[in-house]
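Below is one structure, written out as structure tokens, with a few remarks after it.
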Amino acid sequence: MAGRILALDVGDVRIGVAVSDPTGTIAQPLEVYRRVGYGPDSRYVAALCQRLECESVLLGLPLNMDGSAGPQAQKVMDFGAVLEKAGLKVHYQDERLTTVTAEAVLIDSGVRREDRRRHVDKLAATVILEQWLASQGRRKEE
């Protein structure tokens with residue numbers, strides 16, 4: 001099964017967005033979307049999926065360190081339900097420590113603190129997508 005996957009790192013204020021290539025094997029950061037509300041947010045994601053010809057949406061699920069789902073994970077699942085009602089196929093990927101990983105990559109790359117804030121969400125979405133692609137056996141090994 002190949003095709004583009006749109007990955008989202010869903011926060012209360014921003015959504016980091018990443019997308020795979022058309023073969024569904026390589027992840028790349030796309031953008032950071034500022035949230036407005038479930039309705040406008042889901043319409044934006046649906047339109048983005050249509051424009052990019054994505055087969056499904058992957059949501060990072062912010063589980064607690066013990067693996068349980070807390071309030072933030074419930075918010076992501078609620079948003080996932082809204083996306084499903086909009087006709088999108090939704091998958092979830094454990095996103096524990098992805099923001100930490102993304103922040104470390106930006107620091108190692110020499111990105112200044114004020115610039116990191118603009119990029120960390122889309123890079124976290126890329127990490128989520130890379131992990132999911134690897135778990136599906138779809139990511140090309142380097």
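Throughout, residue positions are numbered sequentially from 1 according to the sequence presented.
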Given the rule in the side-chain contact (heavy atoms from CB on, under 4.5 Å) test, do E55 and I5 qualify, once you have shown the distances and angles that lead to the verdict? CA-CA 6 Å; E55 70 172 24; I5 308 293; 3.3 Å; yes

Atom pair CD/CG of Q93 and L133 - distance to nearest 0.5 Å: 9.0 Å

Can you list the residues that meet the side chain to side chain contact (heavy atoms under 4.5 Å, CB included) rule with V76, with sequence neighbours excluded? V10, L59, L61, P62, Y92

Euclidean distance, D121 CG relative to I15 CD1, rounded to 0.5 Å: 10.0 Å

Yes or no on salt bridge (Lys or Arg N to Asp or Glu O under 4.0 Å) for D12 and K75, after CA distance, side-chain angles and deciding distance? CA-CA 9 Å; D12 289 332; K75 288 179 185 179; 3.3 Å; yes

With side chains defined as the heavy atoms from C-beta onward, is the minimum distance between S20 and I26 less than 4.5 Å? no

With sequence neighbours excluded, what pairs up with A69 under the side chain to side chain contact (heavy atoms under 4.5 Å, CB included) test? L63, A73, M77

Among residues two or more places apart or on two chains, list those pairs meeting side-chain hydrogen bond (donor to acceptor under 3.5 Å, both in side chains) that have a residue in residues 77-86. Q74-D78

Return the NE2 to CG distance between H91 and L6, rounded to the nearest 0.5 Å. 11.5 Å

With sequence neighbours left out, which residue pairs that include part of residues 43-87 fulfil the ring pair (Phe, Tyr, Trp, His ring centres under 6.0 Å) condition? Y33-Y44, Y38-F79

A side-chain contact here means heavy atoms from C-beta on lying under 4.5 Å apart; do K122 and V17 qualify? no

Minimal heavy-atom distance between V90 and G80, with the atoms involved, is CG2-O, 3.7 Å

Rounded to the nearest 0.5 Å, how far does OG1 of T126 lie from CD of Q28? 8.0 Å

When hydrophobic residues are tied together by side-chain contacts of less than 4.5 Å, even through go-betweens, does V36 share a cluster with L30? yes

Side chain to side chain, V45 and L8, heavy atoms closer than 4.5 Å: yes

To the closest 0.5 Å, what do you measure between CD (Q131) and CD (Q136)? 12.5 Å

Count the heavy atoms of every other residue, nucleotide or ligand shown that sit under 6.0 Å from CD of E31, and state whether that count exceeds 12. yes

Pairs meeting criterion ring pair (Phe, Tyr, Trp, His ring centres under 6.0 Å) with involvement of residues 6-28, two or more places apart: none

Are any of the side-chain heavy atoms of V19 and C54 separated by less than 4.5 Å? yes

Residue pairs fulfilling salt bridge (charged side-chain N to carboxylate O under 4.0 Å, His left out) with at least one residue in residues 32-47, sequence neighbours excluded: R35-D41

